[in-house]
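A, B, ... follow the sequence lines: proteins, then strands. Residue 1 opens every chain.
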Amino acid sequence: MSSASPNLSVAPPSGHLSAESCLQIYDLMLRARILEERLISMYKQGDGYFWIGGPGEEAFNVPLGLLADKGAGVDHDYLHLHYRSSATLLAMGADPIDSLRQMRNVATDPYSKGRNFAGHYSKREWNIVPVTSPIEVQFSIAIGTARAQRKGSGAKGITIVQGGDAGTAEGDFATALVWSSRKGNELPLLMIVTNNRYGISTAFQGQHGYEQIADRGKAFGMQTAVVDGNDPEASYAALQRALHYVRTEKKPLLLEAMVSRLRGHSSASGANLVKGEVDCLEKFEATLEARKLIGKDDIAKRRAAITAELLDASMQIRDEPAPSPDSIWEHVFADHNLVGGER
Amino acid sequence: MSSASPNLSVAPPSGHLSAESCLQIYDLMLRARILEERLISMYKQGDGYFWIGGPGEEAFNVPLGLLADKGAGVDHDYLHLHYRSSATLLAMGADPIDSLRQMRNVATDPYSKGRNFAGHYSKREWNIVPVTSPIEVQFSIAIGTARAQRKGSGAKGITIVQGGDAGTAEGDFATALVWSSRKGNELPLLMIVTNNRYGISTAFQGQHGYEQIADRGKAFGMQTAVVDGNDPEASYAALQRALHYVRTEKKPLLLEAMVSRLRGHSSASGANLVKGEVDCLEKFEATLEARKLIGKDDIAKRRAAITAELLDASMQIRDEPAPSPDSIWEHVFADHNLVGGER
Amino acid sequence: MSTMIQAIRMALHVGESRLGVTDIFGEDVGPPLGGVFTGSQGLKTAWNTPLDERGIVGTAIGLALAGQKPVAEIQFCDYAFNTIDLLKIAGNTCWASGGDWNVPLVLMTPVGAGIRGSLYHSHSFDAQATRIPGWKIVMPSTPRDAYGLLLSAIRDPNPVMFLMPKALLRVKSRPGEDVPGEPGDDKRLAQMIDAPLGDRSAWQPSWPELEELYIPIGEATVARTGSHVTVISYGRNVPMCLAAAEQLAAEGIDTEVIDLRSLHPFDWPAIEASVRKTAKVLCVNEDTEITNFGEHLIRRIIEELFYELHAPPKLLAGAAIPGIGLADHLEMASVPQVESIKAAIAELARTEP
Amino acid sequence: MSTMIQAIRMALHVGESRLGVTDIFGEDVGPPLGGVFTGSQGLKTAWNTPLDERGIVGTAIGLALAGQKPVAEIQFCDYAFNTIDLLKIAGNTCWASGGDWNVPLVLMTPVGAGIRGSLYHSHSFDAQATRIPGWKIVMPSTPRDAYGLLLSAIRDPNPVMFLMPKALLRVKSRPGEDVPGEPGDDKRLAQMIDAPLGDRSAWQPSWPELEELYIPIGEATVARTGSHVTVISYGRNVPMCLAAAEQLAAEGIDTEVIDLRSLHPFDWPAIEASVRKTAKVLCVNEDTEITNFGEHLIRRIIEELFYELHAPPKLLAGAAIPGIGLADHLEMASVPQVESIKAAIAELARTEP
Ligand SMILES: Cc1ncc(C[n+]2csc(CCOP(=O)(O)OP(=O)(O)O)c2C)c(N)n1
Ligand SMILES: Cc1ncc(C[n+]2csc(CCOP(=O)(O)OP(=O)(O)O)c2C)c(N)n1
Ligand SMILES: [Mg+2]
Ligand SMILES: [Mg+2]
């Protein structure tokens with residue numbers, strides 16, 4: 001069986017996950033949230049030039065990271081992620097210190113060597129395709145990795161692509177719908193739209209002709225689903241169903257997750273707490289408390305522990321070297337076919 | 001009332017048009033067909049470098065030309081046409097000799113001064129936006145003329161945009177769907193897809209995920225329709241309904257017309273008669289004969305007359321001058337704001 | 001003492017209130033934000049588009065064909081590269097139709113490095129733009145020029161690209177660079193036309209009594225006169241070249257700095273006059289150095305003034321690499337800096353014929 | 001005596017049967033047509049895409065990232081201008097990821113004038129292509145070079161653009177330009193690998209025993225040696241430059257013609273050696289002349305060899321207008337012709353130092 005959700009039991013009929021799973025998910029959500037808070041304070045203290053990230057998407061992105069089949073090559077899942085995917089990375093096992101390194105744009109940043117903005121992950125070892133700033137292009141690129149995994153290819157993995165709501169106005173979103181649903185040539189592609197109802201300052205309202213973005217898949221005869229991305233258990237179940245369908249049928253599915261944008265768009269808009277948005281973390285804490293799985297004091301303890309851990313991490317990288325001026329000339333071209341398995 | 005269909009009675013309940021209208025439409029279809037045949041023989045005789053056009057679309061394109069509100073400026077309809085629109089031009093009153101001039105790329109070509117391929121019409125006087133070779137870009141441009149005519153603008157006209165089936169895979173088609181259906185910001189845009197089931201050599205089959213391209217509009221909550229584009233009366237009625245809706249509601253509508261491609265894609269594929277395609281002209285001739293509106297001999301006479309007329313026309317332009325080498329420098333920039341009403 | 005972004009906003013206000021501008025649009029251009037750089041705050045005709053650059057450019061072309069006066073914005077030029085085909089159509093429609101149609105639109109877009117924008121907020125667009133026939137291309141380096149060039153762009157019957165040097169948008173004008181009619185006091189100006197922080201739904205700008213100023217497209221300006229070396233630049237690099245020139249003056253090197261302002265058409269007579277005087281020329285821009293617009297300027301100079309030259313013309317431009325890195329060292333090493341400009345001028349000045 | 005398009009087809013056959021090419025795709029690339037120029041007839045891995053260039057380039061990038069070996073085609077380079085952002089991503093992915101990923105893809109596209117293609121079947125792509133860092137760019141002028149460069153492109157771990165000079169695709173190879181292993185008799189070759197007219201559903205090609213030939217990317221070839229003037233060109237213009245050189249030989253002008261073959265990286269040593277010998281240089285290409293790749297070559301020559309030159313380097317390129325018109329006069333007046341090349345060489349040859 002695939003390496004997906006190694007230590008998570010499938011959701012029981014109740015729709016609740018096991019206590020153990022809930023606590024694992026909660027812990028990852030909390031770590032992701034605190035990581036983003038740390039990145040924001042680094043930005044505010046001048047330890048980085050720009051912040052963008054995922055506070056408000058943890059309840060959806062953590063299950064995604066747990067359920068993705070992690071590994072390199074076509075027998076594992078390719079992930080074409082958005083710039084709000086820190087929780088997915090942590091759930092897959094990434095070390096948060098590397099996110100701090102990218103924020104601080106030091107030479108040790110394993111994702112871009114100090115070249116790219118925070119949240120722009122890349123990890124070939126796990127099939128995490130470099131996150132690109134241009135909105136929605138990942139939808140045109142994802143059809144390529146999905147084609148390499150199409151029915152009959154023998155590949156075990158599938159392709160997962162994720163983007164925001166406003167970005168679906170780009171032609172690339174339609175490209176993914178058209179190319180993945182060609183009759184007889186369907187692609188094993190899970191398209192995820194994380195809908196926070198905003199594109200920077202522009203509200204969803206008045207920019208779209210449909211109630212749900214997922215409806216756009218219906219015209220193409222593809223499976224679609226909408227999930228409350230602020231509910232980690234619902235998200236987990238929806239992702240499990242969606243991944244199972246795409247994996248077994250080798251056909252596309254469009255999944256829309258309704259999420260929050262708790263710190264606004266990015267540091268450009270201040271990165272301060274936004275009022276009136278559901279906080280999936282507080283909500284899940286309340287659920288777990290109600291289920292007696294966790295207490296106020298545990299929460300405080302965990303929070304304090306992780307915060308301290310990340311503060312240490314930020315201290316640890318303080319003196320890591322900046323990339324050298326000459327390093328701009330490195331990696332303009334590749335000498336080996338790394339993706340082809342050469343060393 | 002608008003100048004649309006000045007001399008055509010609305011289709012009676014029977015769905016049949018008046019005898020007079022039928023004969024007018026038939027005559028225009030015949031003229032368009034013979035015009036294309038003339039262009040093809042000019043190409044084959046070396047009187048032009050490339051042919052592309054509309055044999056097989058007359059039954060739909062003639063009614064379109066008759067029903068469009070012809071004129072200059074936002075109070076009339078803007079037409080962003082495909083390269084198979086000769087029948088629409090003739091129905092609007094264009095002189096076929098000008099199509100011959102463009103085929104022969106002489107300086108007197110009023111559509112492009114000998115610069116562009118046959119079928120690439122442009123006529124500001126009638127709001128006919130220059131036909132562009134790049135597929136589907138007209139769908140991204142049409143939303144601009146439609147915006148100038150949006151509800152509240154006071155403009156009486158609407159925008160009509162037409163393209164083929166394969167071209168709908170381009171992001172520009174999705175752009176038109178997204179931009180024209182924004183809730184509260186809908187555009188008066190009639191989107192027409194003339195579906196001949198081919199893009200050059202590539203069959204519809206296997207390239208699309210839906211049964212009808214019109215279905216793609218449904219996701220956007222817009223009106224859609226499919227019509228037999230080989231039936232001029234059905235096309236007339238469908239266009240009349242569609243135009244009425246867009247004109248009065250100032251909202252978008254997606255209309256798919258199933259048509260034939262009687263001479264293949266273009267001269268690049270030989271421009272010879274293709275077997276197994278419905279010929280709308282023969283079909284309509286049979287209908288009119290059955291209704292006793294026309295006889296075999298009339299048909300032969302009309303055909304002979306128009307053929308002779310166009311042969312004369314092609315003789316007439318034989319000695320018209322080629323554009324001069326220096327003319328390449330003309331119209332790189334405009335000196336006046338022609339579209340703004342300056343002379 | 002307005003900033004360049006305020007000058008642009010004032011020009012757009014004059015455009016929509018006196019010159020017939022009907023639509024000012026792009027991503028986040030309308031309320032509440034009024035543009036990611038505040039360039040369209042408080043404007044009556046500003047509206048937010050879907051996140052689709054192809055739709056933005058297509059809409060601009062369509063509006064222009066329909067006799068409107070659109071001013072469209074691509075939020076960053078880094079995101080205009082999926083629209084080059086449409087930009088080419090805007091530029092070829094008049095020619096393709098044998099003069100039947102013109103396309104009077106203005107496309108604004110922020111360009112260049114200098115804000116640690118990393119790979120996708122540091123692109124230059126001048127080389128790409130000058131490769132699209134049928135467009136006029138302008139790029140100001142002062143608030144006053146921004147105001148006067150934008151008004152000329154709005155009045156032009158052709159597509160005009162207005163390149164906004166990102167790094168200069170918030171720089172205040174120096175004496176003599178004011179927008180005619182703006183209040184001398186910049187606090188006052190800010191109170192009048194800058195949207196307040198927080199909720200601004202009730203806010204209304206109060207515009208100063210602005211005079212119209214039309215800086216002709218195609219006219220350069222000599223930003224500094226000198227006799228030893230001619231430096232030809234535009235946008236963000238102009239103040240850098242001026243700083244370099246001032247510092248070199250101390251070393252006895254007398255540099256002339258031409259601010260091209262219009263890239264297409266450009267002011268050949270101004271270049272010719274200066275090069276005939278100095279016999280040495282340096283072109284400075286931030287775009288990648290292979291197939292770069294400065295190379296066109298040099299080729300033209302070589303063709304027409306080869307025998308006047310006392311040294312090979314030089315180009316100082318962006319490194320030919322796939323992106324501009326975020327870290328200080330990386331950005332600094334990728335595009336011209338005052339130091340590298342000084343070195344290039346000095347080397348030219350010291351070259352013996 | 002194969003044609004260039006047959007040589008390309010043979011290279012693709014070697015690619016899919018020996019070099020691991022997994023997908024050859026684009027609009028009308030698969031059966032029944034096998035490409036609008038027949039370049040992919042009879043290939044096992046050729047398939048038809050939807051009519052969507054962005055999807056084609058995106059698919060190529062994705063396939064490459066997944067360790068496949070895609071060869072994608074844009075039917076005409078005229079239709080690649082809505083994908084420049086994706087081409088930039090193909091070129092920056094390795095750099096942006098600090099070397100974590102490479103993108104081994106080949107993009108083929110027909111370029112240039114010469115077939116009366118009017119506005120949208122006459123575009124050149126060399127200037128645009130050389131502006132996209134992270135790509136290697138090649139453009140053959142003979143069937144043999146097409147074969148050897150395409151095999152090198154397929155084997156390269158980076159994105160490689162293979163520009164196909166439209167006007168030369170059906171020209172037969174001259175002696176010495178054969179593809180190693182092809183049958184000497186061209187009728188025979190056609191019988192073996194050209195699809196029959198009409199129904200070809202049952203047809204199978206029979207491929208000759210082809211030898212592999214790898215022309216190194218970055219290596220130019222001296223197509224004609226001469227001592228008076230150096231002409232640097234590529235693609236369609238190379239045979240024109242050779243014809244001009246032959247005609248001028250009668251007038252005692254001895255022209256050296258360098259066929260660059262690789263535009264990026266290009267063969268500077270070959271250029272330097274030739275210019276040191278002749279001291280006079282002409283660059284010839286069809287792309288529009290403002291911000292043109294030939295201007296980069298001239299700038300580099302000026303920078304490094306200024307004092308060796310006996311005349312100002314010249315560029316002969318396409319007119320800076322929005323399109324190439326259909327009528328003979330219009331196309332002829334828009335891009336270099338043998339006569340204009342001759343005139344430019346002769347003028348250089350006659351220039352006194
Ligand atoms: C092609 C492109 N255009 C514009 C931008 C600038 N931009 C960055 S994020 C953003 C809004 C994206 O909104 P959405 O798709 O909803 O994602 P979200 O940020 O809300 O998660 C914009 C316009 C960009 N990065 N890429
Ligand atoms: C952007 C673009 N890509 C490719 C082409 C080449 N081409 C010309 S027509 C055509 C097929 C168009 O098919 P369809 O949209 O169905 O229209 P039809 O010709 O069948 O009426 C193609 C691929 C083009 N003109 N523009
Ligand atoms: Mg959003
Ligand atoms: Mg079709």
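Neither the backbone nor the side chain of C/Ala90 comes within contact range of chain B, judged by heavy atoms closer than 4.5 Å. Heavy atoms of B/Leu187 lying under 4.5 Å from chain C are absent altogether. At a 4.5 Å heavy-atom cutoff, C/Asn92 makes no contact with chain B through either its backbone or its side chain. Looking at B/Tyr78, the atoms closer than 4.5 Å to chain C (heavy atoms on both sides) all sit in the side chain, from C-beta outward. Proximity to chain B (any heavy atom under 4.5 Å) is restricted, for C/Trp47, to the side chain, taken from C-beta onward. Both the backbone and the side chain of C/Leu65 come within less than 4.5 Å of a heavy atom in chain B. Using a 4.5 Å cut-off between heavy atoms, B/Asp335 contacts chain C through its backbone alone, with no side-chain atom that close. Within the 4.5 angstrom heavy-atom criterion, only side-chain atoms of C/Asn158, from C-beta onward, approach chain B. Contact annotation for B/Ala142: neither backbone nor side-chain heavy atoms come within less than 4.5 Å of a heavy atom of chain C.
Distance OG1/B/Thr175 to CD1/C/Ile56: 10.0 Å, rounded to 0.5 Å. Distance check, rounded to the nearest 0.5 Å: CD1 of C/Ile61 to OG of B/Ser140 gives 8.5 Å. To the nearest 0.5 Å, atom CZ of residue C/Arg54 and atom CD of residue B/Glu170 are 7.5 Å apart. Distance check, rounded to the nearest 0.5 Å: CG of C/Asn102 to CZ of B/Arg124 gives 7.0 Å. Separation of atoms CH2 (B/Trp179) and OG1 (C/Thr59) is listed at 4.0 Å; rounding is to 0.5 Å. Taking NE2 from C/His264 and CZ from B/Phe333, the interatomic distance works out to 4.0 Å, rounded to the nearest 0.5 Å.
When each of B/Val129, B/Thr132, B/Val178 is checked for heavy-atom pairs under 4.5 Å with chain C, B/Val129 comes out on top. Between chain B and the residues C/Thr49, C/Thr22, C/Val57, the largest count of heavy-atom pairs under 4.5 Å involves C/Thr49. Heavy-atom pairs under 4.5 Å with chain C peak, among B/Asp109, B/Thr145, B/Val332, B/Asn127, at B/Thr145.
When atom types are taken as modelled, the side chain of B/Asn116 and the backbone of C/Ser97 share no donor-acceptor pair closer than 3.5 angstrom. Side-chain atoms of B/His331 do not come within 3.5 Å of backbone N or O of C/Cys94 as any donor-acceptor pair. C/Trp101 contributes no side-chain N or O that, together with a main-chain N or O of B/Leu338, makes up a donor-acceptor pair within less than 3.5 Å. Side chain of B/Asn337 to backbone of C/Pro157: no donor-acceptor contact under 3.5 angstrom is found.
Here the shortest heavy-atom pairing between C/Pro50 and B/Arg182 reads CG-CD, 3.7 Å. C/Trp95 approaches B/Glu330 most closely through the heavy-atom pair CD1-O, 3.2 Å. Here the shortest heavy-atom pairing between B/Val339 and C/Pro104 reads CG2-CD, 3.6 Å.
For the pair C/Phe25 and B/Arg147, the minimum side-chain heavy-atom distance is 4.5 Å or more. Side-chain contact between B/Tyr111 and C/Asp100 is absent, with no heavy atoms from C-beta onward closer than 4.5 Å.
Looking at residues two or more places apart in sequence or on another chain, you find no side-chain hydrogen bond (donor to acceptor under 3.5 Å, both in side chains) involving B/Arg115.
Counting non-hydrogen atoms of other residues, nucleotides and ligands closer than 6.0 Å to NZ of B/Lys156 gives a total of 12 or fewer.
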